[in-house]
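Got a structure here, written out as structure tokens. Questions coming.
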Amino acid sequence: MVLSDRTIKEELAKGRIVIEPLDPQDIQPASVDLHLDYRLLVFRNTRRPYIDVKKQTDDLTELVEIEGDEAFTLHPGEFVLASTTEHIEVPDDLVARLEGKSSLGRIGLVIHSTAGYVDPGWKGHLTLELANIARLPITLYQGMKIGQISFLRLTTPAERLYGSSSLGSKYQGQTEPTASRYYENFSQNQ
């Protein structure tokens with residue numbers, strides 16, 4: 001079941017769900033609004049002819065910072081990685097879903113391509129996969145509401161939490177947008 005605002009507040013008060021910083025006004029009927037951090041990873045597609053999923057891709061991105069009231073312009077077809085301002089922690093008996101704000105979706109901003117799932121045990125800032133599918137550029141501002149997180153209760157607490165050494169979790173504790181570490185799957189299987 002999806003947690004209501006009342007249950008989210010109870011879980012926050014107990015320290016079982018952590019969202020820091022948190023403005024109580026960001027708690028919606030069944031979710032909590034999240035905000036855009038000032039750091040973005042911008043893809044530079046002139047560095048390689050293609051992305052090889054078996055290889056590290058850190059050289060394909062460049063860290064860009066949005067300063068003050070300055071706008072970052074996301075052009076049509078462009079894809080960047082961003083981060084939430086908020087540090088999120090999910091307990092062992094909940095899972096979270098990251099969704100876009102409908103007002104931003106209506107202008108063509110997609111905030112996650114496939115990675116909207118937040119496992120039990122997660123701790124860190126969420127990396128957002130921002131894509132502009134509109135025909136016009138879209139401006140992004142530090143601190144703007146960018147998405148919302150909802151929480152669902154599991155039938156039982158998870159046995160292996162995200163971050164467990166046995167899972168090979170790649171992103172636990174991240175504090176800024178983090179490039180793909182998919183290539184690690186190939187070295188772990190050998």
Do F151 and I17 have side chains that get closer than 4.5 Å, going by heavy atoms?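 Heavy-atom side-chain distance check passes, below 4.5 Å.
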Examine Y38 and M144 and state if one hydrophobic cluster contains both, with Ile, Leu, Val, Met, Phe, Trp and Tyr joined whenever side-chain heavy atoms are less than 4.5 Å apart.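 They do not share one cluster, since no chain of ILVMFWY contacts under 4.5 Å joins Y38 to M144.
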Straight-line distance of Q142 CD to L40 CG, nearest 0.5 Å: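 Interatomic distance, Q142 CD to L40 CG, rounded to 0.5 Å: 10.0 Å.
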Min side-chain heavy-atom separation T61-R44 under 4.5 Å: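 In short, these two side chains do not touch, never coming nearer than 4.5 Å.
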With K145 as reference, evaluate L104, D26, L36 under the side chain to side chain contact (heavy atoms under 4.5 Å, CB included) test and give the passing residue.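 Of L104, D26, L36, side chain to side chain contact (heavy atoms under 4.5 Å, CB included) with K145 is met by D26 alone.
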Please tell me if the side chains of L12 and I27 come closer than 4.5 Å, counting only heavy atoms from C-beta onward.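 L12 reaches I27 side chain to side chain.
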Which distance, rounded to the nearest 0.5 Å, do you find between the CD1 of I111 and the CD of Q148?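 Atom-to-atom, I111:CD1 and Q148:CD are 8.0 Å apart.
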OG-CD distance between S4 and Q28, expressed to the nearest 0.5 angstrom: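 Atom-to-atom, S4:OG and Q28:CD are 13.0 Å apart.
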Can you tell me how far apart CG (D119) and CD (Q172) are? Round to the nearest 0.5 Å.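 The distance works out to 9.5 Å.
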Decide salt bridge (Lys or Arg N to Asp or Glu O under 4.0 Å) for R39 and D37; before the verdict, give the C-alpha distance in whole Å, the side-chain angles of both, and the deciding distance to 0.1 Å. CA-CA 6 Å; R39 295 167 288 195; D37 193 40; 3.0 Å; yes
How far apart are the closest heavy atoms of S31 and I8, and which atoms are they?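 Between these two residues, the closest heavy atoms are N-CD1, 3.8 Å.
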Between Q56 and D58, a side-chain donor and acceptor under 3.5 Å: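 Side chains of Q56 and D58: pair found under 3.5 Å.
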For the residue pair K170 and N185, confirm or rule out a side-chain donor-acceptor distance under 3.5 Å.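 Their side chains do contain a donor-acceptor pair, which is all the 3.5 Å distance test asks for.
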Any idea which heavy atoms bring G121 and L161 closest together, and the distance?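 The pair with the smallest heavy-atom distance is CA-CB, 4.0 Å.
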Would you mind reporting whether N132 and I107 have side-chain heavy atoms less than 4.5 Å apart?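 Answer no - side chains too far apart.
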Could you go through V118 and V95, starting from their C-alpha distance and side-chain angles, then the distance that decides it, and tell me whether this counts as side-chain contact (heavy atoms from CB on, under 4.5 Å)? CA-CA 6 Å; V118 186; V95 66; 5.8 Å; no
Write down the atom of Y171, the atom of R181, and the distance for their closest heavy-atom approach.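 That closest heavy-atom pairing would be OH-N, 2.8 Å.
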Quick one: do the T127 and Q174 side chains pair a donor with an acceptor below 3.5 Å?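 Checked: T127/Q174 side chains pair up, N/O donor to acceptor below 3.5 Å.
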Contact between K101 and D33 at the side-chain level, heavy atoms closer than 4.5 Å - yes or no?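 A side-chain contact under 4.5 Å exists here.
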So, for P177 and A82, which heavy atoms are closest and what is the spacing to 0.1 Å?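 P177 and A82 have their closest heavy atoms at CB-O, 3.5 Å.
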Restricting to non-hydrogen atoms, name the atom on T175 and the atom on H125 that form the minimum distance, rounded to 0.1 Å.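 Looks like CA-CD2, 3.7 Å.
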Assess the side chains of H35 and E86: does a donor N or O sit below 3.5 Å from an acceptor N or O?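 E86 and H35 do have a side-chain donor-acceptor pair below 3.5 Å.
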Hey, quick one: are I138 and V42 part of the same hydrophobic cluster, counting side-chain heavy atoms closer than 4.5 Å, chains of contacts allowed?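 Same cluster.
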Side-chain contact test, heavy atoms from C-beta onward, threshold under 4.5 Å: evaluate it for K55 versus Y183 and give yes or no.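 The answer is no, as the side chains (C-beta and beyond) never meet within the 4.5 Å cut-off.
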What is the distance from atom OG of S150 to atom CG of L94, rounded to the nearest 0.5 Å?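 The OG atom of S150 sits 10.5 Å away from the CG atom of L94.
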Nearest 0.5 Å, please: how far is CZ in F43 from CG in L41?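 Answer for the CG-CZ pair, L41 versus F43, is 7.0 Å.
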Taking distance alone, no hydrogens or angles, what donor-acceptor pairs closer than 3.5 Å link side-chain atoms of residues 63-81 to residues at least two apart or in another chain?
| residue | atom | partner | partner atom | Å |
| --- | --- | --- | --- | --- |
| E78 | OE1 | H75 | N | 2.8 |

Nearest heavy-atom neighbours spanning T7 and L3: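 Minimum heavy-atom separation between T7 and L3: CG2-CD2, 3.8 Å.
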pair L34-L126: side-chain heavy atoms closer than 4.5 Å: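 Counting from C-beta outward, L34 and L126 do come under 4.5 Å.
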R16 and D93: CA distance, side-chain angles, deciding distance, side-chain contact (heavy atoms from CB on, under 4.5 Å) verdict: CA-CA 10 Å; R16 289 177 28 78; D93 61 343; 2.5 Å; yes
Hydrophobic clusters here meaning ILVMFWY residues chained together by side-chain heavy-atom distances under 4.5 Å, can you tell me if L22 and L98 are in one?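 Yes, it is one cluster - the side chains of L22 and L98 are joined through contacts under 4.5 Å.
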Salt bridge (Lys or Arg N to Asp or Glu O under 4.0 Å) assessment of R6 paired with E11: CA-CA 9 Å; R6 182 175 306 174; E11 296 291 323; over 6 Å; no
Contact check, side chains of P120 and L154, non-hydrogen atoms, under 4.5 Å: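 Yes; the side chains approach each other to less than 4.5 Å.
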Could you label the plane-to-plane angle of the Y162 and W122 rings as parallel, tilted or perpendicular, counting under 30° as parallel and over 60° as perpendicular?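 Geometry flag for W122 against Y162: tilted rings.
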